[in-house]
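Input: a single structure, listed below in C-alpha cells.
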Amino acid sequence: MALYKEQSLKIYNSMSGEKELFTPISEGNVGMYVCGPTVYSNVHLGNCRTFISFDLAFRYLKHLGYKVRYVRNITDAGHLENDAETGEDRIAKKARLEHIEPMEVVQRYTIDFHTILQKFNNLPPSIEPTATGHIVEQIETIKKIIEKGLAYEVNGSVYFDVFKFNKDHHYGKLSGRAIEDMIANTRELNAQSDKKNPQDFALWKKAEPQHIMRWPSPWSDGFPGWHLECTVMSSKYLGDEFDIHGGGMDLKFPHHECEIAQGEAATGKNPVHYWMHANMLTLNGKKMAKSTGNNILPEEIFTGKNDNLSKAFSPSVARFFMLQAQYRSILDFSNDALLASEKGFNRLMDSYRSIDQLPASSTSSFSVSEWKQRCYDAMNDDFNSPVLIATLFEAVKFINSVKEGEGKITHSDLELLKSSMQSFIFEVLGLLDVAVANENSSAKLSGTVELLIKLRAEARNNKDFATSDQIRDQLLELGIQLKDGKEGTTFSVD
RNA sequence: GGCAUCGUGGCCGAGUGGCUAGGCAGAGCUCUGCAAAAGCUCGUACAGCGGUUCGAAUCCGCUCGAUGCCUCCA
C-alpha cells in the first residue's frame, strides 16, 4: 500500500490562508509547477532557498509514493526591467555589457543554476521548459484571451484588461487585494502609456528596433509578457487545472495573480488547487536580491570567500541550515547560524554512521515505531522540516545512549531505526554525507588513522602519554579528531 | 499611504489555548592518565499595554518595532 494512504499530508494554501488536507486531482499523481529563475546572472543563495524548499516538497511527495510531475521553467526571454513602456530587458543588457549574444547569457547562467542546485543535492525537475521554446503556445493563449474579450491590442502590443476581467472574477484574490485599493495606490505612470489602465499587464510587447530577442506574431515582431509563460507551460504539461503551484513569496503579486487571471480568462477554470509560497532568505535583515546587491553567492559559501563568512561551509551544511527553518518563515543568514548548523549537522551524521556498531538487546528502551510516526507527523504538517530535524535529534540522543551502554534496542528496532534515519536524512531532507561521499578517496586515510589509533592505544597502555598525546593533538591540528568511546576509538575528519 | 507577514531565552529557530521542541553557546556532574567525544542534570523565554478565559506565547483590541509586496526579483 502506498504510504500516502497512511499519512495525511497538510499543505498551507496561500489562497485560503489555511493548512488544508492535500488531495490530488488524480489519486496517486501530483502535478507541481514552480516558477524558476530568470537566467541573466548567477543564482544567489536566496534563490536557492526557494528551490530547496520545493525540492523538499518534491522529495517528500515522492517518498509518500506519489507519482510526481515537477515542472519548473527557465525564463530565458528578455523581460523589461520595469513596467515602463520602453526600456531594456535584463538579458539584453547583460549581453551588451559582456559583448555576447543574449542566448549566450541564457546558456551561461542556466548552467550555473543547474550546477549550483546539483551541489545542494536538489533533484532535477521532471520537465524544465523554457519561455523561448514556447512562443507559439503563448501566442495561441493570447489569441484565446482576446477572443474572450479580455485583452486588447494597441500599437502592436497586447494587454490584459484587468478591469473587465474583474467584473466576473476577483483579480487580487490570492494576495488579498481589492482592485479599488490598487487604483487608489497607483503611482504616476509615464503619460505615453498604451494601457487603458495602469493595472493592465502586457501579454505581448512590440519590440523596439534595438531589441534583439524578438519573434513574429499576429500583432507585431515582439516578445511575450513575463506572466504568460508560466500560465502556458503549466497548462501544457500539467493541464488547465493542476495540484500545486509554488514560487517565492515575492511572486505572489503581481506575477501569480496575473497567472490566475490569464488561466481563468483562457480556460474559465481556476488553474491551481494549492498555492505554496516560500519565504525570503535575508542577509543583514534585508531581503537578498540581485537588484540591490544585498546577496551572497552559493559559491562564496563553499569557498568561504565572502566578508560575512569566517570559513567555508559545505553545500549540505548550508542546506541543513535552511531546512532548520520552516519554508514559510523568513530566515536570516549569518555566519554564527551556519557555524551552529555545521556542528549539529556533524553530530547527526556521526550518530547515523554509528548505528551499525550498536549492540542489539532483547528489549528496546525507545519506541522506534512511535518515533518514526512522529517524523512523518512533522513532515505531514506542511513540510515542517525543523520539527523533523528535532525529532531526528531525539534518535541521535538515543543512539548515543545505546553506545554508552545506557539505552537498549532490539535487532528489529535497530533495522527500523537505521532504515528510517536513512530515509529521512538522505531521501527526504536530501542531505549528503560528506564522509561517505569521499569514502573511496579516504580509504587510505582511514587506514592510516586506524594505524595511529592503534599506536596511540599501545602508548597509553605503556603509560607513555607524551607519545599518545602527541598523536592525538597533531591529528587534531590536521583536522582529524579522535573520539574515545566505550567500544574503542573512532575518528572524524573536518 | 494600502495590503500582508512577523516580533520567542545569549544566538538560530519550532510551537497557535493547559502537558511549555530542537540545534549552537554556557554551567555542573559522569566517563578519561589529562582532554576531546559521548551521557546525565540545569537554564523557564515568548515586544509592550489592555481584554476574553478557570487558564494565553498561543484568541481579540490597541501601541511600538521589523520585514515583504504595491515597479524587475525566488
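Residue numbers start from 1 in every chain, and the chains themselves are labelled A, B, ... in the order their sequence lines are given, proteins ahead of strands.
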- Task: Verify the stacking flag for A:F51 against B:A74: centroid separation must be under 5.5 angstrom and the ring planes must differ by under 30 degrees.
- Result: no

- Item | Candidates B:G13, B:G23, B:A74 - which lies nearest the side chain of A:A340 | B:G23

- A:F491 CZ - B:A35 P separation (whole Å): 25 Å

- A:T38 has its side chain closest, among B:C34, B:A74, B:C69, to B:A74

- Message: From C-beta outward on A:M288, which listed nucleotide comes closest to its side chain: B:A35, B:G33, B:A74?
- Response: B:A74

- Task: Verify the distance criterion only: is there a donor paired with an acceptor across the side chains of A:S157 and A:D194 at less than 3.5 Å?
- Result: no

- Interatomic distance, A:D473 CG vs B:G33 C1' [rounded to whole Å]: 14 Å

- Message: Suppose you measure atom P in B:G39 against the same atom in B:G22; what distance do you get, rounded to whole Å?
- Response: 13 Å

- Note on the structure: Taking B:A37, B:G13, B:G23 as options, the one with an atom nearest any side-chain atom of A:R347 is B:G23

- A:M322 CE to B:A74 P, straight-line distance once rounded to whole Å: 15 Å

- Query: Is B:C6 paired to anything, Watson-Crick or G-U wobble with both distances less than 3.5 Å, and if yes, which nucleotide?
  - Reply: B:G65

- Query: For A:L228 and B:C72, what is the distance between atoms CG and P respectively, to the nearest whole Å?
  - Reply: 15 Å

- Query: Should A:D350 and A:K403 count as an ion pair when the cut-off is N to O under 4.0 Å?
  - Reply: no

- Message: From the set B:G23, B:A38, B:A74, return the single nucleotide nearest to any side-chain atom of A:E404.
- Response: B:A38

- Query: Looking at B:A35, B:A14, B:A74, which one has an atom nearest to any side-chain atom of A:K290?
  - Reply: B:A74

- Message: Distance check, P atoms only: B:G50 and B:G15, in whole angstrom units.
- Response: 28 Å

- Message: Looking only at the side chains, is there a donor atom on one of A:Q373 and A:D377 sitting less than 3.5 Å from an acceptor on the other?
- Response: yes

- Among B:A74, B:C34, B:A38, the one nearest any side-chain atom of A:R460 is B:C34

- Name the pairing partner of B:U44, where a pair is Watson-Crick or G-U wobble with both distances under 3.5 Å, or state none. none

- Query: Between A:R374 and A:E394, is there a salt bridge with N-O shorter than 4.0 Å?
  - Reply: yes

- Message: Without decimals, in angstroms, what is the distance between A:L388 CG and B:G23 C1'?
- Response: 14 Å

- Which nucleotide in B:A36, B:A74, B:A14 has an atom nearest any side-chain atom of A:K287: B:A74

Each nucleotide N or O in nucleotides 40-44 of chain B that has a protein N or O under 3.5 Å away: list the pair and distance.
none

- When you get a sec, tell me which of B:G23, B:A14, B:C69 is the closest nucleotide to the side chain of A:D250? B:C69

- Would you call A:D112 and A:R108 a salt bridge, using N to O less than 4.0 angstrom? no

- Task: Sort out the partner of B:U20 for me: Watson-Crick or G-U wobble, both distances under 3.5 Å, none otherwise.
- Result: none

- Aromatic ring pairing A:F160/A:F201, orientation class (parallel under 30°, perpendicular over 60°, tilted between): parallel

- Given that both distances must come in under 3.5 Å, which nucleotide forms a Watson-Crick or G-U wobble pair with B:G1? B:C70

- Query: For the pair made of CG in A:L283 and P in B:G68, what is the distance, rounded to whole Å?
  - Reply: 12 Å

- To the nearest Å, give me how far apart CZ (A:R328) and P (B:A14) are. 10 Å

- Note on the structure: Across every strand shown, the nucleotide meeting Watson-Crick or G-U wobble geometry with B:A14 (both distances under 3.5 Å) is none

- A:N121 side-chain N/O to A:G430 backbone N/O, donor-acceptor pair under 3.5 Å: yes

- Query: Taking the inter-plane angle between the rings of A:Y376 and A:F424 on a 0 to 90° scale, is it parallel (under 30°), tilted (30 to 60°) or perpendicular (over 60°)?
  - Reply: perpendicular

- Item | A:A390 side-chain proximity, nearest of B:A21, B:A35, B:G68 | B:A21

